[in-house]
Amino acid sequence: MTVKITVLSENTSGTAEGLLAEHGLSLYIEKDDQRILFDTGQGATVIANNALRLGVDLTDIDAIVISHGHSDHAGGLAHVLGLNKRELPVHVHPLVFEDKFSIQKASDGSDILRDIGVRYTRGYLESFGARFEVSTEAHEIFPNVLLTGQIPRVTDFENTTTRLRVRRDGELIPDHVLDEHSIIIRTEKGLILLLGCCHPGLINTIKYAIQITGETRFAAVIGGTHLMFHTEERLQQTIAALHNFDIQLIGTSHCTGSKANALIRSQFPDRFMECNVGSVVTLD
Ligand SMILES: [Fe+2]
């Protein structure tokens, strides 16, 4: 079995000519006869440019997984659905369409509430052929391809929110992004774990993948780790904890950041790669 992962959208573009970067993530996964799109970036780079330049045919995919309901992951969803002639399963957590915000500082020091939720309504996406598959539980979507469902927070250092908010029952409350789930692909050499933004915490996600599958070997952990948004202390704790796991390849993207990348590279020099736009990881 060969699994091929192509990075379509990410914060940095690789060296191939004409690729575009954006703050977002989209991974195109080919396994056996299945073609799965994991997230859709903010939209423009994937649809108008990168898929074309990377030879990825977005008109013929089998399923879409949206990691969580933020616009840098779901922004291209309507466009991708529109490219496909048939109805497509779109796997999400039930909280994906909640009104989500981040609090940012204005130049005068005041707080600004920025809308970072999914830009489309469920009905609008269904009119483009989305058939939503909604679950909070771990389950298989294709043979040996699983979704984690909602990820338990078990570590004591991975506090999941500071500046994120969600509007629930008319009230703005801290958002722990409970809707984020990850993809697990079982292979003979261990699990391939694909991360959207890792709001639940990298170590929480790895631990839950082991709990679900009973497998402790990871052929690869690839995607956004959210480490650029955390304190130095948490970054160090996360990287120290990574040493406790058997991971053959750590491929970071999106919200990892240059500092975390440098630290992970220094501690796992023979097992690290940056997964930028145009990166292709093939695992047998
Ligand atoms: Fe993100």
Quick one, Phe272 with Thr252, criterion side-chain contact (heavy atoms from CB on, under 4.5 Å). Give me CA distance, side-chain angles, the key distance, then yes/no. CA-CA 8 Å; Phe272 173 81; Thr252 58; 3.4 Å; yes
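- Side-chain atoms of Ser26 come within 3.5 Å of backbone N or O of Asp39 as a donor-acceptor pair.
- In the hydrophobic clustering (ILVMFWY side chains linked at under 4.5 Å, chained through shared members), Phe229 is joined by Met228.
- The closest side-chain heavy-atom distance from Ile112 to Lys105 is not below 4.5 Å.
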Walk me through it: do Val280 and Lys4 pass the test side-chain contact (heavy atoms from CB on, under 4.5 Å)? CA-CA 7 Å; Val280 176; Lys4 182 178 171 188; 3.6 Å; yes
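- Glu30 contributes no side-chain N or O that, together with a main-chain N or O of Gln34, makes up a donor-acceptor pair within less than 3.5 Å.
- For Thr148 (side chain) and His181 (main-chain N/O), no donor-acceptor pair under 3.5 Å exists by modelled atom type.
- Judged as a side chain to side chain donor-acceptor pair (under 3.5 Å), and not counting sequence neighbours, the contacts of Glu10 are Asn276.
- Heavy-atom minimum distance, Ile239 versus Ala260: CD1-O, 4.4 Å.
- For His79 and Phe128, the ring centers are positioned 6.0 Å apart or more.
- Residues Leu37 and Leu8 are in side-chain contact: their nearest non-hydrogen atoms beyond the backbone lie under 4.5 Å apart.
- Smallest separation of non-hydrogen atoms from Leu54 and Gly278: CD2-CA, 3.7 Å.
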Begin from the C-alpha positions of Leu81 and Leu125 and carry the test side-chain contact (heavy atoms from CB on, under 4.5 Å) through to its verdict. CA-CA 8 Å; Leu81 289 165; Leu125 293 167; 3.9 Å; yes
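- Residues meeting the side chain to side chain donor-acceptor pair (under 3.5 Å) test with Asp179, sequence neighbours left out: Lys100.
- Under the 4.5 Å side-chain criterion, counting only non-hydrogen atoms from C-beta, Arg186 is in contact with Leu191.
- Leu193 places a side-chain heavy atom less than 4.5 Å from the side chain of Ile206.
- Aromatic ring centroids of His68 and His93 lie 6.0 Å or more apart.
- In this structure, the side chains of Lys259 and Leu235 come closer than 4.5 Å at one or more pairs of heavy atoms.
- Counting heavy atoms from C-beta on, the side chains of Arg153 and Pro200 come closer than 4.5 Å.
- Remark: side-chain polar atoms of Asn50 are paired, donor with acceptor, to backbone N or O of Leu20 under 3.5 angstrom.
- Clustering of Ile, Leu, Val, Met, Phe, Trp and Tyr side chains at separations under 4.5 Å places Ile36 together with Met1, Val3, Ile5, Val7, Leu25, Leu27, Ile29, Phe38, Val65, Ile141, Phe142, Val145, Leu147, Ile183, Ile185, Ile192, Leu194, Ile222, Leu249, Met273, Val281, Leu283.
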Show your reasoning for whether side-chain contact (heavy atoms from CB on, under 4.5 Å) applies to Thr205 and Val221. CA-CA 10 Å; Thr205 306; Val221 176; over 6 Å; no
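- Ring geometry for His91 versus His139: interplanar angle of 30 to 60°, hence tilted.
- The side-chain heavy atoms of Asp60 and Arg35, taken from C-beta on, include a pair separated by under 4.5 Å.
- Put simply, the side chain of Asp115 gets close to the backbone of Gly117: a donor and an acceptor are under 3.5 Å apart.
- Listed for the Gln42 side chain is a donor-acceptor partner under 3.5 Å among the backbone atoms of His23.
- Ring centroid separation for the pair His254 and His226 does not come in under the 6.0 Å cut-off.
- Taking the ring centroids of His176 and His199, they lie at or beyond the 6.0 Å cut-off.
- Arg234 pairs in a side chain to side chain donor-acceptor pair (under 3.5 Å) with only one of the listed residues (Gln236, His230, Gln237), which is His230.
- Using modelled atom types, no side-chain atom of Glu87 and backbone atom of Ala130 make a donor-acceptor pair closer than 3.5 Å.
- Taking all atoms of both residues into account, the shortest heavy-atom contact from Ser266 to Pro269 is O-CD, 3.7 Å.
- In this structure, Arg165 contributes its side chain and Ser102 its backbone to no donor-acceptor pair below 3.5 Å.
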Does the side chain to side chain donor-acceptor pair (under 3.5 Å) test come out yes or no for Asn261 and Arg265, once each step is laid out? CA-CA 6 Å; Asn261 276 335; Arg265 184 193 296 276; over 6 Å; no
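- Neither side chain, Asp246 nor Thr216, offers a donor N or O lying under 3.5 Å from an acceptor on the other.
- Between Tyr120 and Tyr124, the distance from one ring center to the other falls under 6.0 angstrom.
- A donor-acceptor contact closer than 3.5 angstrom links the side chains of Ser9 and Glu22.
- With sequence neighbours left out, Thr155 forms a side chain to side chain contact (heavy atoms under 4.5 Å, CB included) with Phe157, Glu158, Ile203, Asn204, Lys207.
- Taking every heavy atom of both residues into account, Val277 and Ser13 meet most closely at CB-CA, 3.7 Å.
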Between Glu171 and Arg167, does a salt bridge (Lys or Arg N to Asp or Glu O under 4.0 Å) hold up when you go through it step by step? CA-CA 5 Å; Glu171 230 185 296; Arg167 186 175 288 133; over 6 Å; no
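- Between the side chain of Asn84 and the backbone N or O of Ile61, at least one donor-acceptor pair lies under 3.5 Å.
- Proximity of a side-chain donor or acceptor of Arg217 to a complementary backbone N or O of Glu188 within less than 3.5 Å is detected.
- Within the hydrophobic cluster formed by Ile, Leu, Val, Met, Phe, Trp and Tyr side chains joined at under 4.5 Å, directly or through other members, Val166 is accompanied by Ile173.
- Contact annotation: the side chain of Arg86 approaches that of Asp62 to within less than 4.5 Å [non-hydrogen atoms, C-beta and beyond].
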